Amino acid sequence: MTIHEVLLSLDGVEATYNHAIRALSGVSLTVRTGEIVALLGANGAGKTTALKALSGLLPAERGQIAAGSIVYDGEDATRRSPAELVRAGLVQVLEGRHCFRSLTVEDNLIVGGQVRGLDRAALRSELERIYALFPRLRERRRTPAGLTSGGEQQMTAIGRALMARPRLLVLDEPSMGLAPLVVEGIFAALKRLNREEGLSILVAEQNSTVALRHADRASVLETGRTVLDGSAADLRERDDIKAFYLGFGVGSSTAAATTPTAA
Amino acid sequence: MPAVLSEPVVSPANGNVPSALAVEAVSLSFGGVTALSDISFAVAPGEIRAVIGPNGAGKSSLLNVVSGLYQPDRGRVWLGGHSFAAVPTDRLAKLGVSRTFQNLALFKGLSVLDNVAAGLSHRLRAGVLAQVIGLPAARRERAEAHARAEELLAFLHLDGVRDRPAGTLPYGIQKRVELARALVARPRLLLLDEPMAGMTLTEKRDLSGHIRAARDDLGTTIVLIEHDVGVVMDLSDRIAVLDYGRLIADGTPDDIRNDPVVIDAYLGVAHDLEAGEGI
Amino acid sequence: DEQYFPLQSYRVGPYAAGGTGFFGGFIDYLTLVNNRDGGVNGVKLTWDECETQYEVERGVECYKRQKNRPGVAAWNPLSVGIAYAMIDDVGRDKVPLITVNHGRTDSTDGRVFKYVFPLLLNPYSESSGIVNYIGTREGGLEKLKGKKIVVLYHGSPYGKETIPIYQLLAEKYGFSVEQVEVPHPGNEQQSQWLSIRRTKPDYVVLRGWGVMNPVALKTAQKVGFPADRIIGNVWSNSEEDVIPAGDAAKGYTAITTQASGADYPVLQEIAKTVYGAGKGNLDDKKRIGSVYHNLGIVNGILNVEAVRIAQDKFGKRTLTGDEVRWGFEHLRLDPARVEALGAKGLFHSINVSVANHEGEGRVTFQQWDGAKWKVVSDWIAPDWALLRPIIEKSSLAYAAEHGIQVRDPAAEDASN
Amino acid sequence: MTDLALEKAGTATVRRLSPAPFGIGVLLIVAYGVLPLVASEYLFDAILTPFLALALAGLGLNILTGYAGQVSLGSSAFMAVGAYAAYNLALRLPGLPFLLDILLAGLVAAAVGLLFGLPSLRLRGFYLAVSTLAAQFFVQWVFNKVGWFSNNSPSGIVTVPPLSVAGMPLDSSAGRYLFALGVVTAVTLAVWRLVESPTGRALVALRDHETAARVIGIPVLRVKLLAFAVSSFIIGVAGVLWAFAYLRTVEPAGFNLDRSFQILFIVIIGGLASLRGAFLGAALIVVFPLLLARLGEALLGGLFDSGVLEMSQRIVLGLLIVTFLIAEPAGLTALLDRLWNRIAGRFRRTG
Amino acid sequence: MEWQFFTEVLVGGLLSGVMYSLVAIGFVLIYKTSGVLNFAQGALLLFAALTFVSLAERGLPVWAAILLTLAAMTIIGALIERTVLRPLVNQPPITLFMATLGVSYVIEGAAQLLWGTQVHGLDLGIDDLPLEIGGVLISSFDLFAAAVAGAMVAALTLFFRYTRIGLGFRAVADDQLAALAVGLSLDRIWTAVWTAAGVVALVAGLLWGARLGVQFSLSLVVLKALPVLVLGGFDSIAGAIVGGLIVGAVEKLAEVYLGPFVGGGIEGWIAYVAALGFLLIRPSGLFGAKLVERV
Ligand SMILES: Nc1ncnc2c1ncn2[C@@H]1O[C@H](COP(=O)(O)OP(=O)(O)OP(=O)(O)O)[C@@H](O)[C@H]1O
Ligand SMILES: Nc1ncnc2c1ncn2[C@@H]1O[C@H](COP(=O)(O)OP(=O)(O)OP(=O)(O)O)[C@@H](O)[C@H]1O
Ligand SMILES: [Mg+2]
Ligand SMILES: [Mg+2]
């Protein structure tokens, strides 16, 4: 596996919600082709916001990019619609398992593959690929996704994104709610795709142990700002940094750090 | 695979050890999908009991049965000396049971303080008119509720976001607010469905402390679903393991850690655990 | 000097067709008087429009706003709801309220409703007129005995208003009446007409409104009820009511207080001088001489003549509302005067007095031939002997309820 | 979980009344002290009084829709119930003090509201919304059909008796305005107390997560019905004001579907779950069309007839609704808050 | 002969019901892709009918008038997507509902501004003379309308069944944010659907216009469609048809057999009350998707 040119880069991105609540105030990060990058940070650091910003979903949350640039595959990503980005291979798994609740698990997956306009046979084999990764989903494929268990929903959401055969997969807390074996399974599978197909991955995780174990590099956010950027191996070693980025709750003492300041 | 029960279930009806919670031969299925099949187990007062198992094993369904959101097809639930075929959700709070949800279930439009204070709703005696007019009894009640809520905010380090609408908070903090809402009523039985999902290690450690404190200080019995095995092993007195709706193991953390059936179904190879999220 | 007519018009919304026609005709006539005569005895007529969309609150807002302009002559809202909401106010502000062809029946009694003038027709006289017409068609009122009439009415206070009077007329003339409601707005009448078909009445009186009318005609055709046995009331008598029904309306007959068509001298004059000079109010010249347009013109004539009559008494200057009220109370236009006004055949006559604010107007009936209305009857008078006692009963009750001193017409006439 | 997924709006909701009691004080002084002295009859009768009545109706609906999350399209039916109840009470119990009359009329409206609120125990979202139309059409039909309610007035339109409270006639424009103002102030105060009370919080809890509310012991059925009752009560009182203080006539057609939409519109444009919202929304809905009409007339009156102007105004109004919703789905309240924050922020920076 | 009358009323009711379905289908289309009750459907209907009639009256051949009207509906669909739906993506349904109310003002205003407020007759060239079949009176026009409605429903059902677009629609209605994230082009979907709703509005507008005349009141026919919607389920085309039939039959039978006891005119609300009663048994209508939620 070779690491090529820059696939995605964020530079000095600032973002607000509702033109008022500042959520990002200087996020920079890069993902090169074939790389796995972890985005770490405490609760409210801005991971989700950064990921939404780069996949064009911020406007749908009434958020705005106030400054900075986001370049995906050599083009300005802020000018492209989310659908265009997906077609260009940038697919995101949203935080909090946004499944299509009334669609069955299988229909969820099919919708995920729709951008590719597959024929029946190809669709079948793609589905099989996902079911091989998440056997649990095969058993539940006729159940409306909204009724399945939390973990099953999470698998559905990840599977749905994989159906689009992304070049850059953006994952927001994929391990949340998943059994340890499944988490390992997912990361192993992603790693395989990364190795075999050059899939690049950007993953925001609280579960930093898992994330760092699999990532090549990591960026750390704190209160909407990139504060650290380095190789995952380094970060794994350094306890001081761990203590630094893991954050400490939002007691009165650190309230200022986690309460966004008004613009 | 036969259910491995490390201890016979004591039915509160005839047994000598009164349990805070017992489920007796509970089965539940959804049109062909068996979510729970013939589950029986009891939780002793003051115990921290974890429920673990693969995704879709039926853990949340079990809590939903206990809190009356699902009606079991068969079996009974014992809560504080009462036995129910279907637990009446409306009376849950009065029975001293509170819970959190796997997917956030906060009142997004209410401030954090009001969310937590809402946990005391079942205690309110004053009528609407008394509240509107501001009769002394109503005022006192209200002030007490707020005082209690403030206490919990401080306890869970949430006072910094006291007045923020809960919906605008980051995920991890919302989870904590939900815990505060469940704790504020000082429940006898607290049901937690993945309270630590989406938290950092430090936060998990904090929260574990709080949960333990709740048990130690208030004597609350706790049933906890959690996927972070490190947390589970560290925190719980006993662990029940579900797989495909069946109870495949029930025992102390040590029992469970080394149970080959459990390792197979859930934990994976032992070394993963060591390298995992130990606290 | 100027005399001002505030117009609470409605040119938008469900009743826009009526509003544009009526207010268009009214304005056209005022324009004619200004252009031709330089106003009324040199007093220029002015007006402005305030859109109500036929909504009461908007009408009230318009009233409060427009009444502040000087020289208000009279109010002409062409809306029952708005008129009701203004009754108190016009009394206090002492300006006449003209509710031509509509308005509350008991306001005919001018002894109680000093400032309200339901000119030409009220719901009761209208009903009586319709029954009289059916009588003439059958060859005499006595032939009505044993006949069966269905009244199909709009499900609104307006529609319901004549239920008791038809009952009374049925008793008096010995026909049987069945009154069937069509819920607002009336775009579905299948069940009503199926029932009618089963009843097999001799006539159906259509007391409709807006979209209900064409639908009634269409549905009648659908169930095979002949259109020439349907008699429309005064709000079911316009082109807008029949054109959408297409062929189904052929033969349908309706009451009117003013004939339609543009052959009358006053209309010719309007067409020539007003529209010729590009000052006409209607967008569509084809509507000149349509039912609502002509009603507006007649209404214009009545208003202007009232001003003229009042000027004769009070002087040729801007009059106060109360003075114009006096003019209305002495509005007597006999057929000769009507002819002099260029309106012979357009409407018959009017004879307003303190006691009778309606003016004992006469009505006629027009039949739709698929392209235009054709007058098919003489001028018919309602049965005043029957109606007056009912009206007085109601008005006196109102007076008692609201503590109104009932006027004595004889005394007033003497004092003038 | 939430009914029409009010969650987004919810995030910006439930703020304390304005944090500036100073502002409220000024408003009250102007409303009670200054306006009665300076305002013209037009201002009272065409703007202020209908504004108050509609704001009150908005306040009532806000309890149901904004706080409890149940959308109703039948508000004007409850206004009608209030208006007719008050009329009949005044007519049939001549000695009844008017304030008691209002109270009873409100209670009648509350009872009817309760009845039509029953489906809410089972229905959600637009299914519930559309079924509230049953109330709308049924109530209108009843008042139309049953002559007794309008004292057998042949035209169905009734004129209400003149307003007087405690023997004091309030028949002038200013008097009726002051009366409406008094009622609105009192009800607003009570509503404010209500939404700040635990019960008020329970309403929001219900809206945001019904299951969670049930689990923590909020009596969901009772609270839902309470929302319907209280909301209908207030809307009923608004109906009384509409009939007695404003139009002084009552007819069923005045309480049609358009009015219901108007009230819903007030609530949503003003801001769900905010007391100020009802007032801001009502101000917009009453004043804006008038402004537009006057402006259109002044600028273009000579060129086009009133119909064209009206149509253009309709278009502008529609565009405005959409624009406001886009600018701030959480309503005028949130929009103003944001503006205020920005101004205050700038002030702080420079000052 | 009583049964014959009964049959007549029943058949008449069923056929009227089909007319309601025609309007209801437009609502269903929009609801399916945004979970929103589109209150502008009535305005669209008015606009379509008015445009067609005005063009035809200006001497255009029918086909040209229809084509031009279709073009206009497409433009409106695209405009609404661009200016209203796109900025309001991912907002709660109530907000969108209000926005459609605003849109309806604009369309109504524009329609009347463009074409005036006159009442127009509309003759589709279908005679509406009574047809006796076995002694039962049936309207030929209604039969024609029923055939049109049937064809439309069949076409739409096939479309949803045999294309994957239907799935995308439901996905969008379920969760707009997720739909964006999986790359569904909401803009295209919405433009297409609103245009389709405009076409349905045109068909309904022509048929209703031929019955009522083309005028402002045309927009009020939506009130007939709403009970149909709740009864059939907001998101089901089949529900719109079945609901329409039920509502039509109930309404007419109630008016004829129940009306006399309460004074008549109950059609305006009986459908709503019936729908309400029915909803208490099935809270999401006959064919509507059930609410999917769990904790
Ligand atoms: N829709 C929103 N409206 C307003 N503020 C928001 C919104 N979403 C997020 N925020 C704020 O933006 C900041 C960054 O939040 P974000 O969700 O990006 O953090 P995060 O790092 O993903 O946290 P977590 O680990 O809890 O998911 C937080 O302070 C949060 O309160
Ligand atoms: N309301 C329901 N309708 C249909 N199926 C359901 C319902 N609730 C649960 N299930 C099914 O029952 C099984 C058990 O679900 P449950 O949520 O209890 O799992 P869990 O153990 O909590 O899993 P996880 O760890 O992923 O949250 C799942 O397969 C789920 O799909
Ligand atoms: Mg996040
Ligand atoms: Mg679970």
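Quick note on labels: first sequence line is chain A, next is B, and so on, each numbered from 1. Please read all numbers here as calculations on a predicted model, not as lab measurements.
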Under 3.5 Å, side chain of [X] to main-chain N/O of [Y], donor-acceptor pair present?
X       : Y       : result
Q189(C) : M212(C) : yes
E255(E) : G265(E) : yes
T100(E) : F39(E)  : yes
E251(E) : A271(E) : no
Q190(C) : G13(E)  : no
D28(C)  : I297(C) : no

Quiz item: Can you pull out the residues in residues 151-165 of chain C with any heavy atom less than 4.5 Å from chain E?
Solution: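 So the qualifying residues are Y153(C).
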
Practice problem: Considering only heavy atoms, give the residues of residues 217-241 of chain C separated from chain E by less than 4.5 Å, sorted numerically, with 'none' for an empty result. | Solution: K218(C), Q221(C), K222(C), V223(C), G224(C), E240(C)

Quiz item: Under the side-chain contact (heavy atoms from CB on, under 4.5 Å) criterion, do F22(C) and N299(C) qualify, and how do the steps go?
Solution: CA-CA 8 Å; F22(C) 175 83; N299(C) 193 55; 3.1 Å; yes

Closest-packed option against chain C by number of heavy-atom pairs under 4.5 Å, given [options]:
options                            : answer
D142(E), L253(E), L223(E), V214(E) : D142(E)
V9(E), D123(E), V119(E), L15(E)    : V119(E)
A254(E), S139(E), G259(E)          : S139(E)
S140(E), S16(E), G268(E)           : S16(E)

Considering only heavy atoms, which portion of [X] lies under 4.5 Å from any heavy atom of chain E: side chain, backbone, both, or neither?
X       : result
T20(C)  : side chain
Q192(C) : side chain
N187(C) : both
R287(C) : side chain

Quiz item: For the residue pair F5(E) and Y257(E), does the interplanar ring angle fall in the parallel (under 30°), tilted (30 to 60°) or perpendicular (over 60°) class?
Solution: perpendicular

Taking side chain as everything from C-beta outward and backbone as N, CA, C, O, which of these in [X] sits under 4.5 Å from a heavy atom of chain C? Side chain, backbone, both or neither.
X       : value
W208(E) : side chain
E267(E) : both
Y20(E)  : side chain

Practice problem: For residues W115(E) and V53(E), determine if any side-chain heavy atom of one lies less than 4.5 Å from a side-chain heavy atom of the other. | Solution: no

Quiz item: So do V221(E) and M19(E) actually touch side chain to side chain, heavy atoms under 4.5 Å?
Solution: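 A side-chain contact under 4.5 Å is absent here.
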
Quiz prompt | Between V215(C), V182(C), V211(C), the one whose heavy-atom pairs under 4.5 Å with chain E are most numerous | solution = V211(C)

Quiz item: Under a 4.5 Å heavy-atom cutoff, which of A17(C), P214(C), A248(C), P244(C) has the most pairs with chain E?
Solution: P244(C)

Quiz item: Between Y10(C) and Y54(C), does the ring centre distance come in under 6.0 Å?
Solution: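 Yes, the ring of Y10(C) comes within the 6.0 Å limit of the ring of Y54(C), centre to centre.
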
Quiz item: Centroid-to-centroid, W209(C) to Y15(C), below 6.0 Å?
Solution: yes

Practice problem: Could you walk me through whether Y166(C) and V205(C) pass side-chain contact (heavy atoms from CB on, under 4.5 Å), step by step? | Solution: CA-CA 10 Å; Y166(C) 276 112; V205(C) 173; 3.4 Å; yes

Self-check item: Distance, nearest 0.5 Å, that separates NZ of K279(C) from CD1 of I27(C)
Solution: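 Rounded to the nearest 0.5 Å, the NZ-CD1 separation comes to 14.0 Å.
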
Exercise. Taking only Lys NZ, Arg NE, NH1 and NH2, and the carboxylate oxygens of Asp or Glu, determine whether R198(C) and E8(E) approach each other closer than 4.0 Å.
Key: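 Here R198(C) does not pair with E8(E) in a salt bridge, since their nearest N and O are not under 4.0 Å apart.
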
Quiz item: What are the two closest heavy atoms between V62(E) and F52(E), and how far apart are they?
Solution: O-CE1, 3.9 Å

